[in-house]
Amino acid sequence: MMSPQVGGQIVDLRSGPSQPALNGKYRRNGKLQSCEPCRKSKLRCDHVVPVCSRCTKRKCADKCEYHPNPLTRKRSTAAKGPPTPATTTDQETSPAALPSIESSEPESPGYHALTASRLDHQGLSQPQQAPAKLNRAASAPPGHPHHCDGGTGRVNPGFLGTTNFMSIFTENLSSLGVVSTELEGPKLPRLTISNDQIVRGTQLLYFLKDSILVHDFVNRSFDILDGVGNVCIEPVMKQWLLGLWANHTDTLKKRNPEKLRRLSELLWRNTLTSIAVQEDMDYKAWALQATGMNIRWEVIGIIAALVGQCATMLSRLDSLLTQHDVSKPVLARKMSEIASTCLSFCRDCEALDDLFVWLLIENTALTIAIKGDGSYAVYSGTGEVINAVVAMGLHINVKQGKPRIPFFLEQIRTRIVSIAYSTEVSLASYLGRPPRLSYKYCNLSPPMDISDIHLIASGDEIAQIIASLDKDGFGPTRQVSRASWMKTWLGFAPIREDVLDLALGRYSREEILYRAEELQKRCDESWANVPLFMRNVTDDSPDYGEARPKKRRPIETLLKISLTLGWRANELLLQRVLIRKAGASWDKLVEVASYIFQDILHVGKRHDLASILQSDISALLAIQGLRSAAVIAVELLKQEQLPNYPKNPLLPRSRTIQDLSVFAARLGDVDPSDGSFTVCDQGRKVITRILDKILSPPNPSDRPVVSHISHEQQHQALAHEGMNVGAFQNEMAPQQEWTMPDPLDFQMGEANWDIDVPFLGHDSDFVHWLESADWERPM
């Protein structure tokens, strides 16, 4: 249970009128007015009305009054108005119902009174009574904490598996005729919301004053990503924004402090309740539980996260940024702070439902765009997504044991599980860490290839849509959508997990070779099962020769490329394992890296992608691009060190140097505000330094004279000799002998061009080296 903050106001959002309230009038310095006896005696007043505590103790209650202008005139008791709604607690002085936020008339509808029953989600403007509450001054001594009741029968919704502490009771007592409500789960403690939290919420709401900016950026986010990059679907977001602006536009634009405070209290009260899920509920009824007078902090956070995500994808000169006169990095970071604050509010309310998971995913996506995949904030954020998914039991059953839930919610939950698992496996392989979620303990079901607009269709329409899917579960439109991409990627992710297990686990050489062969077969089969329309990337540019050129979405092209790169990345990681642990040849590794590298260069040529998907392109450069470029750069460097340059090298010298130069220039174009900038910039410096060494070789007279033997024979002859570190120094030692190790034994750290470089470790080793290298030290 959250402890009340000492010295702060404790606000009971659910208790009825029982104690006197505070004087609601403030002085010019922002402090509450003191009563006349305390003011004249220069004593600290606790501002309680109708009589403060000090006047009660001094037995001068008849003199205790709060003068609005003590230095000008006496206050008339007849003109004394009722306290403000935020401090109303007395039945004699409070109106029968609190006015609505949008209305100043006492007769207008008020807020929802929170009871054990769920909130009415059928309308946005039902009149309700507002609960009164007790406020204490900051100068008053700490009072008895007042608790917010989570509602009768409120239990912990967390998932409990077969080995949980109550499993013996739940598995046996029902068959023995014993029924107990205690078996439903542990009761959640009553929650306490402090005045400081309400004030923080009031301050946070100021960003919604510009409704046009919010509307434009949210719409642009869905236009760019076409819903692919978000777990929140566009129809639900439209309902949320419609209810928000319809009920609270005046409050948010005029920024009246009193009304904003009441709106903050409303948000806190609503977030303390759970979202109801009924099997016959459509998406509108479900969405209305979190908007209008039911507005929640999760929705505010999701809106902020979408605005921030849109900002990260745009170029600095985009018309949307100039139209609203906002800075791309400033807006993105501001929205990230707001979304993170909303997330902390939900944690304070112990929220654990669909909306909380939505906010977690959207906020993590924004954090990745700002701080990069290697940030600990990203690692902890993805971990919390997994924690929430497992705690809700979605990894086992998205229906949570119910016979039926709304179709749209079932599919969104299926997508969430796919996102959580796929993201975790990708991040674990990038960082070289064990995955925190394994397919061995999940029921991974691929989502149906159904668009968002069809996801919210009626029952009969959904049945027809499902019937139109082909035998592999893909839709007839043959377009790459969010669902089709997840469905395909879910076939690659378990292979990535097994490759990671092979890299991190302890296996003998024979076991590694056997498992690697099986993984290679699975990898080939997974790609063979991918539909042709999702594999073909080369024909994605518009054909302007047609009378009406077919417009292909940039996000669709990016999804196809990411699938191809993900499949090849499994092969590349597998080859690295074989080299490190089984002594395999570099040939296959270089071949796979070359394919990946060419795909990355192809993406760099697509200006239509780079102009509107900047953060996604930068992430590809930092992860897939830099990984493959490192393999190619090191192999090219090895070829340059051979005593006799091979006639048929693995990499053509001229073309490879040109490609690496183009890639280094592309790394230099990454926006400094992008989360991948640090890794891309450091990778650019490494590649540039390697190219400098290759293009500035030692004098020909320093090269030893050797017989003309083949590339393979040279490697075999020098298999057990180490690379001479002096080969990369500024001055060559006299009569320096050039030696070349076998590719099986070569480690990037054995080469030294004035920097120590670990290469064949995990991606985390490479990233750690990038961050720790002294880039300013002269060569």
Side-chain angles (χ1 to χ4, degrees), residues 228 395 398 411 414-426 428-429 435 437-451 454-455 465-502 514-540 552-553 555-575 577-578 588 591-593 595-596 598-599 602-603 620 623-624:
V228 173
H395 66 301
V398 295
Q411 286 301 304
T414 303
R415 295 176 180 180
I416 287 174
V417 176
S418 302
I419 292 173
Y421 173 69
S422 301
T423 302
E424 173 59 22
V425 172
S426 299
S429 62
L437 185 66
S438 174
Y439 71 88
K440 301 174 184 177
Y441 311 114
C442 301
N443 293 329
L444 294 176
S445 299
M448 296 183 181
D449 185 12
I450 299 177
S451 64
H454 292 146
L455 205 61
I465 294 171
I466 294 177
S468 67
L469 302 179
D470 62 19
K471 60 182 180 62
D472 296 321
F474 291 97
T477 60
R478 289 299 186 258
Q479 289 185 343
V480 183
S481 63
R482 177 203 339 226
S484 60
W485 182 87
M486 292 180 185
K487 179 182 178 64
T488 306
W489 180 251
L490 204 59
F492 299 159
I495 301 175
R496 177 74 61 87
E497 181 184 342
D498 287 339
V499 172
L500 188 61
D501 175 65
L502 204 60
Y514 174 77
R515 293 192 60 189
E517 184 179 359
E518 294 296 322
L519 287 173
Q520 185 64 55
K521 292 180 180 179
R522 288 172 55 192
C523 192
D524 295 339
E525 291 175 358
S526 66
W527 185 248
N529 293 331
V530 176
L532 183 60
F533 76 93
M534 300 189 68
R535 286 191 271 172
N536 197 349
V537 180
T538 57
D539 66 342
D540 274 352
R552 295 179 176 88
R553 303 172 299 165
I555 186 62
E556 187 173 355
T557 301
L558 184 64
L559 290 177
K560 291 182 180 181
I561 294 174
S562 65
L563 284 176
T564 304
L565 294 177
W567 166 64
R568 294 197 186 277
N570 286 348
E571 287 191 295
L572 186 144
L573 294 173
L574 181 59
Q575 292 303 317
V577 173
L578 291 174
K588 182 64 174 179
E591 178 185 355
V592 176
Y595 283 125
I596 296 176
Q598 291 303 316
D599 287 340
H602 174 73
V603 173
L620 284 179
I623 300 175
Q624 305 286 9

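What you see is a predicted model, and the numbers here were worked out from it, not measured in a lab. Values reported hereafter were calculated over all heavy atoms of this structure, with side chains retained and with hydrogens, waters and symmetry mates removed.
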Checklist outcome for this item: The side chain to side chain donor-acceptor pair (under 3.5 Å) partners of Ser438 (sequence neighbours excluded) come to Glu497
Checklist entry - Counting distance only, does the side-chain N/O of Lys588 pair as donor-acceptor with the main-chain N or O of Glu571 below 3.5 Å? => result no
Next on the checklist: Give me the atom names and distance for the closest heavy-atom approach of Ser445 to Ser418.
Outcome noted: O-OG, 4.1 Å
Checklist outcome for this item: Hits for side chain to side chain donor-acceptor pair (under 3.5 Å) against Asp501, two or more places apart or cross-chain, chain-then-number order -> Tyr507, Arg515
Next on the checklist: Can a donor-acceptor pair be found, under 3.5 Å and without considering hydrogens, that links the side chain of Ser468 to the backbone of Ile465?
Outcome noted: yes
Next on the checklist: Keeping Trp489 on the side-chain end and Leu563 on the backbone end, is there a donor-acceptor pair under 3.5 Å?
Outcome noted: no
Next on the checklist: Parallel, tilted or perpendicular, judged at 30° and 60°: which one describes the rings of Phe474 and Phe533?
Outcome noted: perpendicular
Next on the checklist: Applying side chain to side chain donor-acceptor pair (under 3.5 Å), can you list everything that pairs with Ser484, at least two apart in sequence or on another chain?
Outcome noted: Ser481
Next on the checklist: Please enumerate all residues that pass salt bridge (Lys or Arg N to Asp or Glu O under 4.0 Å) together with Glu424, with sequence neighbours excluded.
Outcome noted: Arg436
Item to check | Minimum side-chain heavy-atom gap Thr488-Met534 below 4.5 Å | outcome: yes
Next on the checklist: Could you tell me if the side chain of Val417 sits less than 4.5 Å from the side chain of Leu444, heavy atoms only?
Outcome noted: yes
Item to check | Note, Val499 side chain near Ser429 side chain (heavy atom, < 4.5 Å) | outcome: no
Checklist entry - Got a donor-acceptor contact below 3.5 angstrom from the Asp449 side chain to the Gly473 backbone? => result no
Checklist entry - What's the shortest heavy-atom distance between Ser562 and Trp485, and which atoms? => result OG-NE1, 3.0 Å
Checklist outcome for this item: Interatomic distance, OG1@Thr414 vs NZ@Lys487, rounded to 0.5 Å, equals 11.0 Å
Item to check | Distance, nearest 0.5 Å, that separates CG of Leu455 from CZ of Arg415 | outcome: 5.0 Å
Checklist entry - Between CD1 of Ile596 and CG of Leu572, what distance do you get to the nearest 0.5 Å? => result 4.5 Å
Item to check | side chain to side chain donor-acceptor pair (under 3.5 Å) against Asp498, all qualifying residues, sequence neighbours excluded | outcome: Tyr439, Arg522
Checklist outcome for this item: Rounded to the nearest 0.5 angstrom, the CG-OG distance for Leu437 and Ser422 is 10.0 Å
Checklist entry - Do Met486 and Leu490 have side-chain heavy atoms sitting under 4.5 Å apart? => result no
Item to check | Note, Leu502 side chain near Leu574 side chain (heavy atom, < 4.5 Å) | outcome: yes
Checklist entry - Mind checking what makes side-chain contact (heavy atoms from CB on, under 4.5 Å) contact with Glu525, not counting sequence neighbours? => result none
Item to check | Leu565 side, atom CG; Phe492 side, atom CZ - distance, nearest 0.5 Å | outcome: 11.0 Å
Checklist entry - Considering residues at least two apart in sequence or located in another chain, which fulfil the side-chain contact (heavy atoms from CB on, under 4.5 Å) criterion with Ala569? => result Arg496, Gln624, Arg627
Next on the checklist: If the condition is salt bridge (Lys or Arg N to Asp or Glu O under 4.0 Å), which residues does Asp470 pass it with, not counting sequence neighbours?
Outcome noted: Arg478
Checklist entry - Any side-chain heavy-atom pair from Ile495 and Ser526 closer than 4.5 angstrom? => result yes
Checklist entry - How far does CD of Gln575 sit from CZ of Arg568, to the nearest 0.5 angstrom? => result 12.5 Å
Next on the checklist: Please enumerate all residues that pass side-chain contact (heavy atoms from CB on, under 4.5 Å) together with Glu517, with sequence neighbours excluded.
Outcome noted: Lys521
Item to check | Asn443: side-chain contact (heavy atoms from CB on, under 4.5 Å) partners, not counting sequence neighbours | outcome: Ile396
Checklist outcome for this item: Contacts of His454 meeting ring-ring contact (aromatic ring centres under 6.0 Å, His included) (sequence neighbours excluded), chain-then-number -> none
